[in-house]
Every structure is written in C-alpha cells, then in structure tokens.
Amino acid sequence: MGAKIEMTTEKDVNLKVLLGQKIKFFRKKKALSQEQLAEMVNMETKSLSRIESGHNYPMYENLVSISLALGVEPWQLYFKGNTKDVETMREEIFSVLSEDENKIPAVYQYLATLK
C-alpha cells in the first residue's frame with residue numbers, strides 16, 4: 001500500500017533536544033563520558049550521541065536504564081524547569097527555611113494545598 005509518512009512537529013523536535021540536553025547534563029554531573037554511560041546501559045556510543053544531540057528518542061527500556069545509571073527519575077529528564085537533582089533542591093529549601101523561619105508558615109500553607 002502507501003508509504004509511511006513521518007510527521008515531525010516543532011514540539012517533538014524541542015522535546016528531543018530537551019531530553020538530550022538533560023541526559024548530557026546529568027551525565028556530565030556524574031563525570032561520565034558518553035562511552036562510559038553507553039557501556040553502563042548496554043548501548044552503542046553513537047546511539048547515545050544521537051539521543052544527546054536531539055536527533056533520536058531512546059527506546060523506553062533505554063530511557064529507564066539511562067535514568068537509573070544517572071541516578072535520576074525518568075521524569076527529571078523531561079522536566080524543563082530546574083536541572084538540579086531532588087536532593088540538591090531539598091538542601092536548598094532547608095537552608096532557606098533555616099535562615100528565615102518566617103517563611104515556614106507560607107511554605108506549609110502551599111504544601112497543604114498540594115495534598
């Protein structure tokens with residue numbers, strides 16, 4: 001029958017680029033080379049390079065393996081906001097609250113709304 005038509009949206013391209021940048025960020029934070037991370041997740045270095053450059057998406061199994069190897073949750077690889085890991089964010093929050101206890105009620109009220 002007909003040929004497969006592949007449509008790529010700008011949003012799709014941006015998501016691939018974001019994902020690649022996040023993987024690269026966390027890889028460098030762990031002081032790993034592409035070769036080291038690729039070996040850890042049983043992937044070709046060229047494939048990891050194409051993911052980091054935003055050309056390819058990883059297969060689901062590879063995404064999970066990459067996040068485990070980098071010590072992050074898979075969602076953190078897609079999160080646009082902050083590139084800090086959860087422990088760093090926790091430490092910063094505690095630091096701010098210990099420096100100014102007047103902020104505790106406001107933070108508590110905000111957290112209560114998330115329940």
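Along the sequence shown, residues carry numbers from 1.
With contacts defined as side-chain heavy-atom distances shorter than 4.5 Å, the pair L37/T45 does not qualify. Between N62 and V41, the closest side-chain pair of non-hydrogen atoms is not below 4.5 Å. In this structure, the side chains of Q34 and R27 come closer than 4.5 Å at one or more pairs of heavy atoms. Proximity of L19 to L63: side-chain heavy atoms (C-beta onward) are separated by under 4.5 Å at one or more points. Taking the side chain as every heavy atom from C-beta outward, T113 and Q109 never approach each other to under 4.5 Å. Residues V64 and E61 fail the side-chain proximity criterion, which asks for heavy atoms closer than 4.5 Å.
Between E92 atom CD and L97 atom CG the span is 12.0 Å, to the nearest 0.5 Å. Between L48 atom CG and E52 atom CD the span is 4.5 Å, to the nearest 0.5 Å. Distance check, rounded to the nearest 0.5 Å: OG of S53 to CD of Q21 gives 10.5 Å. Considering CD1 of I51 and CG of L77, their distance stands at 10.5 Å, rounded to 0.5 Å. A distance of 11.0 Å separates CG in L32 from CD in E39, rounded to the nearest 0.5 Å. Distance CD/E44 to OG/S49: 12.0 Å, rounded to 0.5 Å.
Nearest heavy-atom pair, E101 versus P105, reported as atom, atom and distance to 0.1 Å: O-CD, 3.7 Å. The shortest heavy-atom contact between E73 and S67 is C-CB, 4.1 Å. Heavy-atom minimum distance, N56 versus K16: C-CD, 4.0 Å. When all heavy atoms of K30 and L70 are compared, the pair lying nearest together is CE-O, 3.4 Å. Closest approach of Y78 and L15 over heavy atoms only: CD2-CD1, 3.6 Å.
Using a distance-only test at 3.5 Å, with no hydrogens or angles considered, a donor-acceptor pair links the side chain of S98 to the main chain of F94. In this structure, E91 contributes its side chain and T88 its backbone to no donor-acceptor pair below 3.5 Å.
The 12-atom threshold is exceeded at CG of D100, counting heavy atoms of other residues, nucleotides or ligands nearer than 6.0 Å.
Taking hydrophobic clusters as Ile, Leu, Val, Met, Phe, Trp and Tyr residues chained together by side-chain heavy-atom distances below 4.5 Å, L111 shares a cluster with I104.
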